[in-house]
Amino acid sequence: MNEIQYLNEHPIPGMLGNFFVVLSFVSAIFATVAYYLSTRSTGIEDVWKKPARWAFYVHGISVIGVVGTLLFMLTNHLYEYKYVWEHLNNEMPMQYVFSCMWEGQEGSFLLWTFWHVILGFFLIKWSKDWEPWVMAIVALVEVFLASMLLGVFFGEFQFGSNPFMLNREAGMNVGLPWTMNEDYLSLPTFQNGRGLNPLLQNYWMTIHPPTLFLGFASTLIPFAFAIAGLWRGDKSGWIKPAIPWAFFGVMILGTGILMGGAWAYEALGFGGFWAWDPVENASLVPWLTLVGAAHLLVINQRKQTSVFSALILTISSFILVLYSTFLTRSGVLGDSSVHSFVDSGILAQLLVYLLFFTALSTWLMNSNKKWRTIYLAVCSILFLLGLANLATLPDTPPVEGALPGAGTWIPTLTLIFMVVSLVTVYISYRKEYRVAAEQEEALWSREFWMFIGSLVLTLAAIHVTVQTSVNVGNILLAPFEDTFKSLHASTDWGWAKRLSEHNFAAPAEKERFDTYHRIQIPLAFILFLIIAIGQFLKYKSTDIKYFLKKISLSLIASFVLTVILGFFIQFESNSGPLYALIFATFFALISNADYAIRILKGKMDLIGASVAHIGFALLIIGAVISTSQSFFISENKRGNVTELSEDFDNSEDMLIYKGDTLVMGEYFVHFKDKYKSGNRLYCTIDYLKKLPKEYKAGQYVEVQGSTFRSLKDHTASESFLRDWSQDSLWKEVTPAEFGEEEAPEWVAGVPGEKLFTLEPTLLFAKDQTSREPSIKHSLTSDLYTYIKYTDTEMKGDSAGYLEPKAGIVPIGQPVRLSETVTIQLDSMVAITDLPENLPDNVKLKRAFGVMTDGQSTERIILASVQMEDGTPLVFPVESQKFKMLLSLKETKDGVELTMQQHSSGVKDMLILSAEIFPQINVLWLGCLVMVIGTTMAIRHRIRLSKNKVNA
Amino acid sequence: MKKSNIVLLVLIAVVSAILISVYVGTVPNTTFEGARNDAGKNVRITGVVDKTLPIEYDPLADANLTKFHVVDSAGHSEKVFLHYEKGKPDGLQFSEKVTLLGNYNESGEFHANDIQMKCPSKYNDQKHSLETAQQ
């Protein structure tokens with residue numbers, strides 16, 4: 001077969017990109033081996049360090065080369081490449097080119113790899129005598145990550161996914177007719193790409209992923225130091241150099257997570273900043289363990305009493321990053337997350353990656369040679385069994401809805417591996433890490449309570465992990481289906497039945513708050529108490545009288561503050577735990593501030609930790625108050641909305657027509673405009689000041705059908721009921737007393753000058769719509785508004801008339817035609833004198849109608865025409881004033897009226913949701929303070945270590 | 001008793017409490033028939049939106065209520081009254097699979113207050129467009 005010469009393809013960037021991909025993989029292997037050899041050359045001349053460094057530089061440069069090539073392809077719109085075609089289109093502004101790069105799975109792995117390389121460069125410079133060990137680990141991780149981009153096949157198994165693949169080479173397209181066309185690039189499909197999901201076209205997508213991935217990448221460094229320590233047999237020497245890196249990770253990963261929250265709040269319209277979504281949880285868990293690890297490292301720098309927990313948490317932080325990647329990228333979560341990247345088909349590779357590093361860490365935790373050999377042997381056997389099982393699987397198509405791994409040995413083998421690893425870690429703890437009773441920390445020492453605090457963080461992490469991994473639990477339970485079934489059969493235990501069914505479901509959106517908060521709030525309460533007392537405790541041991549004296553001020557102050565707060569805000573009856581949490585955060589806030597001022601005398605070098613704790617406390621205070629005290633101001637004042645449906649409480653939404661001005665909370669809102677621009681639909685809403693309404697004595701008003709007379713001059717309050725019943729400002733009058741005419745409706749105020757404008761939008765993505773909120777930020781609260789519903793398009797016919805509506809109408813009574821217009825028909829009159837344009841043999845009847853909208857009226861003549869055989873002929877008549885098309889038809893049930901409204905006559909309607917989030921700025925302030933505090937602490941640590949070296 | 005042993009015991013107790021809380025807190029997956037037997041109790045049902053029947057949504061009447069039909073895994077079809085604070089769920093008509101959280105009320109209607117949708121993945125979608133748009 002002749003090779004097809006494709007026209008207009010650009011093969012060079014692809015070849016270059018592939019070259020860099022392969023080079024980055026090979027050089028990572030070389031760097032790993034060379035650094036390994038370098039670790040073995042202690043005492044003799046280290047000939048391997050230099051080549052190892054060069055190999056890592058080459059690796060780094062090729063990763064940067066991959067990034068550069070991909071950027072080149074994106075900026076030049078080379079749509080023959082699958083990645084470009086999938087993530088870019090012609091319409092997209094070039095500022096989103098970075099977002100396109102990391103939107104896809106390959107791109108996000110690339111971003112992760114990129115940060116490892118950058119951090120690796122710093123490590124080469126800064127890790128001194130730890131370099132060979134630490135860099136060997138970094139390079140090894142890079143081997144795995146670089147392999148994710150290889151995209152080579154071993155039989156049917158695809159190893160990695162390559163961003164430089166051509167569309168025509170992609171597995172799913174091979175063999176399609178167009179791939180045989182040498183000029184396929186001139187086909188319309190390849191003139192434009194599919195583009196970045198419009199939901200992601202904002203600046204958050206530009207800044208959030210790089211920050212988050214830098215956070216993920218920075219967990220590798222403490223991990224690498226911990227592994228290096230175990231490897232060298234130096235169980236505590238690794239701690240000091242790892243501390244600044246651990247806190248750096250805490251800061252960056254924390255910032256990344258909060259940016260995700262800010263994105264959700266500002267742009268995604270989730271209605272809040274945190275939803276306990278699996279993808280959010282996946283980044284929260286490593287942060288929790290990393291915070292615990294960092295604090296344990298600080299303790300162990302002075303006294304090595306909890307090296308074991310420090311090791312476990314440091315290693316877990318990295319393993320959990322791998323686990324989160326596995327959870328969110330492999331599809332094991334099933335349907336429990338809205339934005340996890342399912343179906344990426346890299347499950348096996350990520351699982352091997354995760355299990356490999358778990359095994360490596362476990363193996364190194366135990367320094368006993370015999371145990372190491374046994375553990376290694378067991379792991380190898382399990383791995384080989386898994387491979388053999390996969391290789392011999394019958395070639396059956398996957399069952400719809402089956403759990404991943406069903407029908408294979410993988411879940412069982414994984415479970416055995418986990419048990420064996422846990423046992424190994426426990427044995428090594430008993431043999432190597434147990435601390436004798438007399439060496440334990442004193443009860444009233446700072447290190448003891450820091451240790452407990454880290455445990456609380458670990459428990460929080462365990463809870464979030466378990467709750468998020470419910471579907472993984474199902475997968476692991478599947479092999480034991482029969483065991484539990486027979487257990488249920490013999491004992492009738494309900495839980496055995498549920499375990500055998502293994503269909504536990506992760507909590508959906510709204511239940512998540514209950515499920516998570518039930519455990520997380522009590523844990524947070526304990527954590528903040530520890531944060532509050534921690535700094536006043538001294539290392540080694542504290543004089544308890546001194547401690548109580550010092551802490552009592554903060555304790556009393558926070559207690560008073562909590563009680564005062566209780567008068568201002570109302571918690572719901574069941575939110576006692578929240579109130580307790582508020583107290584604990586106040587306690588932590590005040591005692592840390594007190595410590596920084598009174599004890600540390602505000603010395604900038606030393607107060608970093610206190611400042612970070614204050615920030616964390618502020619963050620949680622802001623989160624608790626803004627979410628528990630949020631309320632809707634978009635109550636519906638129109639009334640008729642609730643009438644239409646009894647079982648619905650419409651108090652959260654407001655129905656407003658274009659041009660209307662209504663009262664909403666402390667404002668008047670004016671629905672000014674609705675327009676489309678690009679793929680967005682904007683609703684412009686002016687917020688006007690509410691001015692007081694003055695009523696004079698003797699004035700009449702109408703309220704819900706009754707008429708009232710003002711008894712004296714007064715200013716209307718918020719509620720008529722109050723003015724009437726409490727303050728006796730109004731008296732109800734009988735219609736006879738008042739007369740026939742209508743009194744104006746009572747209003748609480750009159751619209752004043754414009755204060756601000758909000759423009760909530762609807763964003764149309766391919767086959768979904770997303771609501772973008774519009775937020776009015778002010779110092780003490782946010783006004784958060786979004787479009788709940790508005791007609792996205794008016795589907796009129798060519799003349800602009802909408803769908804017809806028909807119904808049998810009573811004669812002589814008014815009938816509602818639209819929101820405002822009614823019609824009243826008088827009786828049908830037969831006409832014998834037929835107009836000339838009608839044939840002779842028809843029956844013609846006429847009816848006069850009066851249309852009105854309450855202000856103006858229009859008289860209209862409608863005709864009903866019937867053929868001799870009874871077939872009706874329809875003659876629509878247009879109402880000029882009310883923009884409607886009307887026609888009549890006589891049926892056996894009565895007179896049927898058909899009405900078509902003209903799209904220009906339909907008022908634009910909007911259902912608006914507006915919620916107030918009080919004190920949300922405290923949350924953002926907390927984030928900022930926390931980042932500043934952590935930076936101060938890191939700076940202090942780095943200085944400290946430099947001074948020691950110099951001295 | 002050593003402090004570390006006490007800490008360990010407390011740790012084990014809390015971890016067990018967490019596991020039990022997760023176990024108790026998970027709502028069972030079931031079918032419409034199973035839910036009908038447990039009227040009033042919150043259950044979770046996974047199924048497919050019946051696209052041959054209309055999805056009713058009248059924002060003027062109730063902006064939070066969407067009515068549609070769902071066929072569960074046992075093939076049983078049922079009308080669902082979804083009360084959802086974000087209004088009509090975006091992309092309901094395109095969804096492949098939906099998971100509903102709700103219960104049957106006294107009058108035998110299934111009312112859901114939470115929904116999770118699985119929408120056609122980007123990758124499948126893209127496959128279609130390349131297969132058909134060419135030639």
Side-chain angles (χ1 to χ4, degrees), chain A residues 86 167 172-173 176-178 184 187-189 194 269 271 335-336 338 342-344 401 434-435 437 440-441 443 448 451-452 455 459 462-463 466-467 470 495 498 503-511 514-515 518-519 641 644-645 648 650 652-653 655 766-771 788-789 909 911, chain B residues 1-4 7 10-11 14-15 17-19 21-23 25-30 42 44 46 57-65 73 81 83 85-88 90-91 93-94 97-101 113-127 129-131 133-135:
Chain A
E86 273 180 4
N167 267 314
M172 56 195 167
N173 296 331
L176 290 179
W178 62 267
Y184 77 98
L187 291 169
T189 314
R194 280 170 48 82
D335 310 328
S336 61
V338 231
V342 285
D343 295 334
S344 5
R434 207 150 53 129
V435 176
E440 278 193 334
E441 297 103 342
L443 181 62
F448 178 73
F451 173 71
I452 299 294
L455 282 188
L459 287 170
I462 290 175
H463 174 237
V466 172
Q467 191 74 70
V470 170
W495 59 267
R498 279 190 71 185
N503 60 358
F504 293 101
E509 255 181 73
K510 276 187 238 160
E511 341 162 54
D514 285 341
T515 5
R518 199 159 43 215
I519 304 281
V641 173
L644 293 170
S645 153
F648 171 56
N650 209 343
E652 285 173 12
D653 309 314
L655 172 66
K766 271 155 211 139
D767 40 5
Q768 49 185 337
T769 320
S770 148
R771 292 154 238 257
K788 181 166 269 186
Y789 181 84
M909 166 268 268
I911 295 182
Chain B
M1 205 167 164
K2 274 174 64 183
K3 259 202 302 306
S4 57
V7 170
V10 174
L11 201 65
V14 178
V15 171
I18 288 172
L19 289 178
S21 138
V22 170
Y23 169 82
T26 49
V27 172
N29 269 324
T30 181
N42 251 1
R44 181 191 304 267
T46 301
Y57 180 65
D58 184 359
L60 282 178
D62 183 341
N64 290 358
L65 177 64
S73 52
F81 295 76
H83 305 269
E85 61 197 16
K86 287 176 192 160
K88 182 181 171 188
D90 298 323
Q93 60 272 40
F94 301 105
K97 218 161 83 175
V98 292
T99 303
L100 299 159
L101 188 78
N113 53 32
D114 210 348
I115 185 169
Q116 213 134 45
M117 290 178 294
K118 187 180 180 183
C119 289
S121 89
K122 196 169 161 172
Y123 301 93
N124 296 335
D125 193 27
Q126 176 249 336
K127 189 174 165 184
S129 70
L130 262 187
E131 260 171 21
Q134 301 304 315
Q135 312 307 331

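Computed from a predicted model, the values in this text were never measured in an experiment. Below, read A as the first sequence line, B as the second, and so on, with proteins coming before strands; counting in each chain starts at 1.
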Item to check | Portion of Val7(B) that has a non-hydrogen atom of chain A nearer than 4.5 angstrom | outcome: side chain
Item to check | Under the side chain to side chain contact (heavy atoms under 4.5 Å, CB included) test, residues paired with Ser21(B) that sit two or more places apart | outcome: Arg518(A), Ile519(A)
Item to check | Heavy-atom pair with the smallest gap, counting every atom of Tyr57(B) and Lys788(A) | outcome: OH-O, 4.5 Å
Item to check | side-chain contact (heavy atoms from CB on, under 4.5 Å) assessment of Ile18(B) paired with Gln467(A) | outcome: CA-CA 9 Å; Ile18(B) 288 172; Gln467(A) 191 74 70; over 6 Å; no
Checklist outcome for this item: chain B shares the most heavy-atom pairs under 4.5 Å, among Arg434(A), Arg498(A), His463(A), with Arg498(A)
Checklist entry - Which region of Ile452(A), side chain (C-beta onward) or backbone (N, CA, C, O), has a non-hydrogen atom less than 4.5 Å from a non-hydrogen atom of chain B, or is it both or neither? => result side chain
Item to check | Pick from Leu459(A), Asp514(A), Val466(A) with the largest number of heavy-atom pairs that fall under 4.5 Å of chain B | outcome: Leu459(A)
Next on the checklist: If we check side-chain contact (heavy atoms from CB on, under 4.5 Å) with Ile462(A), which of these qualifies: Val15(B), Leu19(B), Leu11(B)?
Outcome noted: Val15(B)
